[in-house]
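Notes to accompany the following structure.
Side chains are part of it too, since the values below use all heavy atoms of this structure and drop only hydrogens, waters and symmetry mates. Ligands are counted one by one from 1 in listed order, and the atoms in each one are counted from 1 as well.
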Amino acid sequence: MKMTFRWYGKSDPVKIEYIRQIPVIDSIVSAVYDVPVGEVWSEESISEIKNAALSAGLTFEVVESVPVHEDIKLGRATRDGYIANYAENLMRLGRAGVKCVCYNFMPVFDWLRSELKMPLPDGSNALAYDEETVLGMDPAKSELSLPGWDESYTREQLKELLKSYENIGEKELFDNLRYFLEAVIPVAEKAGINMAIHPDDPPWGIFGLPRIITDLEHMKRFLSLYPSENNGLTFCTGSFGASRDNDLVKMISAAEGRIHFAHLRNIKIDGYRRFHETGHPTREGSLDMPGIVRALLESGFDGYVRPDHGRMIWGESVRPGYGLYDRALGAMYLYGLFEACGAKFDKKERK
Ligand code: DNO
């Protein structure tokens, strides 16, 4: 098992030298950001990340994300070319020592919040979601900007894209996901990579777009689409946990050892489809963090863990959800929980 930390590359205000100073971190989670979605990543860009990690005494074993082109999600005739590029990326990443690739299958948008800086009583701020506000938003206007979103579309392109999804429901999206997995998982097996799909965040449809990685039943359906160990999950507690109907402990045991990457963060549910993010400890939010850690260990989890989001504290103002300080506190808390539950972390030998 390894504790990891997301790093957005050289332009990230959270410097890799700072990440190195968090005692428990072994590996960074990163991606190539200089290539449009669907294209092949250059070997140079991949080695640049790897070398940056190595010179900070860390490794680069997890990619988040290799994004999936919309034509694949839409099942368009052009998908095969994008799938071939995806497969090529997996081979290149495998050769560079990457062991786990996180991705998602959310149409058009990645994670969504209605507020990026909700003030909390302690003077910090955090990301928040309120369905009522979201229902009043026009997705075709760029009213919000989140780090996971592909913002290369013009307004017209975005409108067109949203229209293309009119005939895509859950069934079609699952069919297109199966087609993708059938092509890509055999390549991941060859490349020595565990694929780890990220749940939809929040775990329900938004703006009339379908979302399918949302709950226990859908998770099981996903796992059965392609029964290979390499076809696994990123278990994101803040995503699945935003729905009170999701029993995270039960979901972890139902995942049958197919969790390769754990995003462990806490959220506070404030009402129906309304939540805000909090510090990681259990008492700060609505999720039972030790219960989650225990369930992971009982299920035989031996993958990568990372803290996630948290709050902006101590006057920090960087990429929403990706501050240094609260994620570092989160990493320490999570490490403590795992250690107390008897988890074995790979021994780090830093230069
Ligand atoms: C948000 C992240 C997501 C995640 C992607 C994976 O903070 O968890 O943006 O990286 O959905 O593809």
Those residues that, when tested against T78, pass side chain to side chain donor-acceptor pair (under 3.5 Å) (two or more places apart): D71
Could you list the atoms of ligand 1 found under 4.0 angstrom from a heavy atom of M106? 11 (O)
Atoms of ligand 1 close to Y103 [distance to a heavy atom under 4.0 angstrom, numbered from 1]: 12 (O)
Check ligand 1 against R6 and write out every atom of the ligand that is under 4.0 Å from a heavy-atom position of the residue. 2 (C), 10 (O)
Going by atom types only, do S299 and E256 share a side-chain donor-acceptor pair under 3.5 Å? no
What residues, two or more places apart in sequence or in another chain, satisfy side chain to side chain donor-acceptor pair (under 3.5 Å) together with E131? Y129, W204, R273
Any nitrogen or oxygen of D308, side chain or backbone, less than 3.5 Å from one on ligand 1? no
Under 4.0 Å from a heavy atom of S65: give me the atoms of ligand 1 that qualify, with their elements. 5 (C), 6 (C), 10 (O), 12 (O)
Per-atom filter on ligand 1: closer than 4.0 angstrom to a heavy atom of E64 are 2 (C), 4 (C), 8 (O), 10 (O)
Are E61 and Y304 linked by a side-chain donor-acceptor pair shorter than 3.5 Å? yes
Tell me whether the centres of the aromatic rings in F109 and F207 are closer together than 6.0 Å. yes
A student checking ligand 1 against N104 at a 4.0 Å heavy-atom cut-off should list atoms 5 (C), 6 (C), 11 (O), 12 (O)
So the atoms of ligand 1 within less than 4.0 Å of a heavy atom of C102 turn out to be 6 (C)
Would you say E64 and H198 are linked by a side-chain donor-acceptor pair, where the criterion is simply a distance under 3.5 Å? no
